[in-house]
Structures are given as C-alpha cells and as structure tokens.
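Please read the structure below before turning to the comments.
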Amino acid sequence: MSATLPMQISYPEQLPVTQRRHDIAEAIRDHQVVIVAGETGSGKTTQLPKICLELGRGQEGGVIGHTQPRRIAARTVAERIAAELGTELGQLVGYQVRFTDRSSAQTMVKVMTDGILLAEVQRDRDLRRYDTIIIDEAHERSLNIDFILGYVKQLLPRRPDLKVVITSATIDPRRFSAHFDDAPVIEVSGRMYPVEVRYRELTDDQTQGITDAVRELLTAGPGDILVFLSGEREIRDAADALRRLRPTRVSDAFEVLSLYARLSSAEQHRVFAPHQRRRVVLATNVAETSLTVPGIRYVVDTGLARISRFSARTKVQRLPIEPISKASADQRKGRCGRQADGICIRLYAEEDFDARPEFTDPEIVRTNLASVILQMTALGLGDIGRFPFVEPPDTRSVQAGIQLLEEIGAITSARRARRSKPRGRAETRMADGRTAVSSGKNATPALTTIGRQLAQLPVDPRLGRMIVEGHRNGCLREVIIVAAALSIQDPRERPSEQQDAADAAHRRFADPTSDFAGLLNLWGFVKEQQKELSSSAFRRLCKTDFLNYLRIREWQDLDSQLRQVSKQLGLSLTKTPASAEAVHRSLLAGLLSHIGMKDVDKRDYLGARGSRFAIFPGSALAKKQPPFVMSAELVETSRLWGRVNAAIEPEWAESIGAHLVKRTYSEPHWEYKRGAVMAFEKVTLYGIPIVSERKVDYGRIDRAVARDLFIRHALVQGEWRTHHRFFHANQEVLAEAEELEQRARRRGIVVDDETLFDFYDERVGPDVVSTAHFDSWWKQQRRTTPQLLEFSLDLVVQDAADDLSVQEFPDVWRHGDAAMPLVYEFDPGAESDGVTVEI
DNA sequence: GGGTTAGGGT
C-alpha cells in the first residue's frame, strides 16, 4: 500500500467492519461509488477513512472528506479516528464545523458537517480538493444529504478520479445503489444483542399505557428504561403519572428524567451523569438520533412523533403528531440492546406496525425549498426538475419555494421569464456569464442582486433579506443581531421547575410592542455584563438569569460571522444606534407574507392568503395585541401560532411589498372643490387590507375614466367655477336653447348631454383629467384655436328643432301701451305650466 | 386563556 503514510494502520479486531475491510477496499478500488450498510456499532464511521487511507487516498491527489449530519458527531468522529491513528487532532485528521476549523495543510482526513461540504461547493464546484468523499448516515436523508447526493451524482462524470462512499443503516441501501447506477452494496453486521418486541396496544390513554409498560419492565430485570414520546407536553403528563406510581418493592424504585432539545443544558446533562437508582428517561426524537442515552436496556415506544411538514397550499410550516415509520420505530427499538438483551414495548398493535410506511419521508419532500432553490440557482444548476435527486420534491413545493424567493426579491418573476420565451424554454443568464437552460415548467429564474447576496449569507433566505434591508436602512448592526438570534435556538432557558422565575428574569428585557426589540435588549445586557464581569462570573450570571451560556456564545459567533460576510458583500455596518422603526421596517422585508391584521371579535389575526393565526403565549405581544403585526415564525401545532412578533404600521408593508400589493379602486367621483376626479383606494397584501379607504387622485390611476368624468361633470354639467370665456359663452347658448324648449312646449330641443360630451371629448387634450390639467392645456391650445370649445346654437339644438326660433315666442305681450313680460314654462300639471303673463 | 421536533451553513 502507500508508503507516504507515516504510520501503520490497524483495525480493532472486535469491530464487524474489520472482517469486511478487504471486501470494502476492493470495492472502493474497483468502483467509483460504494454503499456500505451497517448498524451503529459496526465501526463503519471510524474505520472507512482508514481503509481509504490504506488505499492511498487522501494523499497527493486530495483529501478524504467525511461528512456527518451533526456538529458534535463531526468532532467526536475526528477525535476517535485521530486517536486510533495515534496522531494529534488537526494534523493528519482534522475537522471543520461552523465556527471551528481544526484542519490544516497536512490533513488527509477531514471530518465535517454536510453543511460545510455544501458551502465549499460554492467556491470549489468540482470539489477538487477531495479525492474521496464519505457521506455518513445517508439514511437520515436530511436536506443537506439529499442535496449532496444529487450534486455528487452529476459531478461523477466530471471527476472520474473521485471515489464516493455512502454509508447507511441497513434499512434501505438499495435505494442509494439505484441512485448511483447499481453501485455495489456491502453490508456489515452490527453488534447488537437481541431485542424482544412486545406489542401492547393502548386500551386507555397514552399516559396509562406508558405507566403500565414501565411497570411491566420494572419486573423484567435491572436496567434503565427509555420512553419515546412526541413532545414536551406528553413528557410532562407521563412524568407526573410516573412520579405518582408507588413502587411495591424497594428494587423497583426509580427516578424520572426528561430529555428534549429545548431542555436547559443542566437538565439535559443529568441523563449522562452516573447514577445509582434505576431510571426512566422520557424523551422526544432527540434520543432517536442526536443523543445516545447510556445504559438503556428497555424501550417504550408510543409510536408517535411530531413531524415537520411544509404545506405548499397554505405556505406554512406544520408540526402534526403522526405515527412514525417502521424504520423510525426500529431505530427507537435499537436504542436498547447495546450492552445486553433488551425489550421494546410498542404501545400499538403489530398490525398497526405492519401497516406503517417503511421510511420516514425525506426532509426534501417535507420542507420549504426556498433555500435549496436559491443555492441551486446560485450554483447555476438551472432546472430543479432535472436535478438528480434521490427523491425529487413535487412541483408544487418547488413553485412555493420560487414564490417565496420572488416575495423577498431574490429572483425575478418566473412568470415574466416564461412570457418572454413563449416556447417553454427559458434561458437564464447566470452571474458568471454562463447560460442556464431550463424547461418551462420548473424554470429556475435568474437571481437578482439581492438573490446573489442572500446566497452568500449563511442564514435562511428570509433572514438574509432582513440583513440586506438593514444595510439599506442604516441599521445593519441591529438587524444582524436579530437575524442571528432567529437562526439559533433560543438562549433563554425555562426549566420546568422554575418557569415563573425564568419568565420574570426574561421579562426585564421584554418590549411590549416587539419581541425583536426584546432580543436587542437582551443582547445589550449580555454585552455589558460580559465587559464588566470575569468570564466565570459571567457564566454564573447566565445561570441565575436563565440564559444558556453556550447558546449565547453561538449567538455572538453567528453575529460576528454575519458581520464578516456582510462586509464582504459590501454591506456596511452602522456605528450609531438605529431607530426602532428602521429596524422593524428592515425585518418586515423578510416577513411580508407573515403579517397579520387583528380580528377584534376573534382575538386572533387575519394572515396571508386567508389564514388565521394567534400570538404565541410566550410572546410579549400576547396580552396587548396591536392592530397589525409581523411574525418571524408561523408554525401550526394545536393552531397556527406566531411565535416571535412585533407591531407594525401597515403602510410599511405597502412600500416594501410594492411588488406584491394589489390595489383596487372604488367610487371614482368628481370633486367640485378639488376640481379633480377622486376615488377610494384599497391596498391589500396577500389579501390583508393594509390600507382600507384612502382617497386618491384618480387621474393618475385611470386616465381615461378620469378624463371622462372631468368632461361630464366640469364641462358638460358645469360643476366648475372658472373664468374661461368659452365656459360662460357655452352656458349662455345652452340657456337660450333651454328657453326655446319652454316656449315651444317641447322636450328634446336641447341636445342631450352625450352630444355635448362628444363635442368636448373630440376636442379636449388626451391628458386632461382635472381642472388644473385643463387650465394648463387650454393655456397653450387657445393661442391657436381660441374658438375650439365654443358651442354654436346649431350644436346644442336638435336637428328636428331647426324650424323653431326663440323669436316665434315673444318675451313680451303688448296690449295697447302696456308691455307685460311673458314667462314660459313647460311643466305639465304645475300651476305655472304654459305661458304666464305678469301683470 | 392559550404553550413546538431536531438537525445543518458560505
């Protein structure tokens, strides 16, 4: 094998993978892609990189890249490989996760999170720095893993020298093999003791089922029990019930522990502390993959979990409680039987299990795709419909993702792109000058300047959009702090035993109109205390103030990372404190479809697209709810909740969402006083009325209608006070014609208004929509054609009345010397009808 | 008044 390796490589005898290492080495040597399937304990994670090293990989040709789904795993895997090779971490074996890079020029094996590898793709399109890539835990099918699997698939022909190893639990290696053109699969056994499965279908409620199962297992022998539940509330209910359970024997005494991700770190750590008494650990899905609880001999599985699903219809994230898949149930079962035989009690029937889907839906079919689409577009991958995903997301989710990117102005409208290329193919000019061709249906449109910036920012596109706007509004410093807070787990802790104390401690920072302002207050407090206190005093303060020190650090790390990237993007940081309004206007740029209007009757909010949401009880806005809000997160659980919120002025949304708002106008009417046509404007954003009845100059909205109304009311009806000569002359002509009607006792002598309208319509300038417009137009026009607008009697008298003349109806009745005025009135039925002589 | 799973990043 290779001579350049500084050490002899050995393999732990007891690991199952050691027995198969020659087969694995052979397969890797002979094939570009190899699938290695094996359960935890098989040793694949740590031994595969060593096998690759022995094959001479990771040396002159490039590095062996090894991805892990989680940061902690990346570090511990690197530590173990380094230890087994007898080298120091960061030299031959290194690792890189966000905020930490412990790799060097000597590094041959680089362990990293899959997100780091994806990030490197942006700068190294063909991943030239690697000669081997190991994708570990591929069966977890996270968004990152599926993206990498697709990317690698289309990279293989360009990199014939690249070797790829996909590792997976034994659940479904064939699927990966099929994706990589029938790549060979090598199965490695795990090291597991047998686990007996007992089905105990619920007869009562879940809590009762759990206590019954725990009671059953207490009699089965010594060892800790791990119970899988769907969420915090279920854990609390079960914990209460179990603590009430009075064990009959001393040996049955046990303590109850909870375990879920949002738990305070101290409470989480109790699970790993050595202990004497038997334990029952009540856990969510954290214990399924992320955390391994030691010493578990028994598992109780409720068969339920909260699964995140993105609704392409309502564009909202949901967290329904669902029956888990067979694969997930088996994973839970596998959490016992590591050290001795185990028992797994499933709180459902065997037929129920048999009827369940084999696998959990991969994240890519369950999630908002905006970020993936943005990345793919930035990479010039063009048509998402043609990208070789193991399992392609459906068209509607892709459309929803594109729609969100349009909302935040990251891409130009797909519809517009399609319209300009009627043959169903859209050519998109990429940032680097290349051209992407895509089919019409799932066309990936071109990135805007904002879109290119968002693709560089390591946060959710909505949060990135806030940052870009923060720069524009001179409040980048504040917006980065908020965006960083929104992308990490909440640094505020709320231990179950001290919720009131924690709430009180956190309330000091609350702002009654904005949870975001509350975050900024907390940030300021933390910064100040850090400056004044020693490092250990600060840690103590975090504890007493119910703040998670590590998450505070993460917040600060992310803040500096975002500052740095922003600087590279030419976004400038502000030195002076920004106004709250500037900050909130910036945040709104990312939250346009997350605004809500108070429904006073129902105590909730009317949201985008007809949705309704309520303010989450933990928000500072829960008590006194403002008329309009924006929410950073809308998640549907028991109902649709807005979790982090602030009051907004609806008019802000009008300008920031100018590309999205719909305007409708009603009641265009002539206003005598203004000498203009006015109408009422209603502005809606995703169906939410952000302006309800604003009076606007209609001449700017609909010139034709406004001109029409101007002519009818001002010129024809004379609803105008003006000195124009033609105006008064015309009124006199009309008066004369009307007088004729009275005297001749006939209607219809004076032409109708339509004729007068047509007269003006033919003559008045096309832009004349108000008295002001008229005046300036007429000032010019009358120089050349001063008589343009003057009526003649011929015009205003109907053709049929040609033979009549006012002269035939004298004004005065002469009788002898007396001359008595005659008044004509044509008003049948009235006393004054006919000719009246005034004596 | 009311209350969410857990991962990842240029």
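Side chains included, hydrogens not; waters and symmetry mates left out as well; all remaining heavy atoms used. Every chain is numbered from 1 and lettered A, B, ... according to where its sequence line falls, protein lines coming before strand lines.
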For residues A:Tyr605 and A:Phe628, establish whether the separation of their ring centroids is below 6.0 Å.
no
Side chain of [X] (C-beta onward), nearest among [options]:
X        : options              : result
A:Pro617 : B:dA6, B:dG2, B:dG9  : B:dG2
A:Val97  : B:dT10, B:dG9, B:dG3 : B:dG9
A:Arg233 : B:dG2, B:dG7, B:dG8  : B:dG2
A:Val286 : B:dG9, B:dG7, B:dG2  : B:dG7
A:Trp641 : B:dT10, B:dG3, B:dA6 : B:dG3
A:Arg603 : B:dG1, B:dG8, B:dG9  : B:dG1
A:Arg98  : B:dT10, B:dG8, B:dG3 : B:dT10
A:Pro458 : B:dT10, B:dG3, B:dA6 : B:dT10
A:Ala261 : B:dG7, B:dG2, B:dT10 : B:dG7

List the steps and the verdict of side chain to side chain donor-acceptor pair (under 3.5 Å) for A:Tyr260 and A:Asn285.
CA-CA 8 Å; A:Tyr260 46 90; A:Asn285 260 356; over 6 Å; no
With heavy atoms under 4.0 Å as the rule, sort [X] into base, sugar-phosphate or nothing.
X        : answer
A:Glu636 : nothing
A:Arg494 : base
A:Ile615 : nothing
A:Glu232 : sugar-phosphate
A:Gly618 : base
A:Ser638 : sugar-phosphate
A:Ser230 : sugar-phosphate
A:Val459 : base
A:Leu319 : base
A:Arg70  : sugar-phosphate

Reading DNA chain B from 5' onward, which residue's closest nucleotide shows up sooner: A:Val635 or A:Gln489?
A:Val635
By nearest-nucleotide position on DNA chain B, the 5'-leaning member of A:Ile307 and A:Gln561 is A:Ile307
Hey, does the side chain of [X] come within less than 4.0 Å of [N]'s phosphate (OP1/OP2), counting only N and O?
X        : N     : value
A:Thr637 : B:dG3 : no
A:Arg71  : B:dG9 : yes
A:Ser142 : B:dG7 : no

I need the [atom1]-[atom2] distance between [X] and [N], as an integer number of Å.
X        : N      : atom1 : atom2 : result
A:Phe310 : B:dG7  : CZ    : P     : 22 Å
A:Arg462 : B:dG9  : CZ    : P     : 22 Å
A:Asp460 : B:dG7  : CG    : C1'   : 15 Å
A:Tyr605 : B:dG2  : OH    : C1'   : 15 Å
A:Ile148 : B:dT10 : CD1   : P     : 12 Å
A:Leu259 : B:dA6  : CG    : C1'   : 12 Å
A:Arg123 : B:dT10 : CZ    : C1'   : 6 Å
A:Phe99  : B:dG8  : CZ    : C1'   : 11 Å

Using salt bridge (charged side-chain N to carboxylate O under 4.0 Å, His left out) as the criterion, point out the one residue from A:Glu232, A:Glu267, A:Glu493 that pairs with A:Arg262.
A:Glu232
A:Arg71 vs A:Glu554, test: salt bridge (charged side-chain N to carboxylate O under 4.0 Å, His left out). Steps then yes/no.
CA-CA 13 Å; A:Arg71 283 190 239 166; A:Glu554 177 112 347; 2.8 Å; yes
Stepwise side chain to side chain donor-acceptor pair (under 3.5 Å) check, A:Asn645 with A:Ser631:
CA-CA 4 Å; A:Asn645 314 287; A:Ser631 184; 2.9 Å; yes
Classify the side chain of A:Glu140 and the base of B:dG7 as holding, or not holding, a donor-acceptor pair under 3.5 Å.
no
Please identify each residue that fulfils salt bridge (Lys or Arg N to Asp or Glu O under 4.0 Å) with A:Arg98, with sequence neighbours left out.
none
Pairing residues for A:Tyr151 by the ring pair (Phe, Tyr, Trp, His ring centres under 6.0 Å) criterion, not counting sequence neighbours:
none
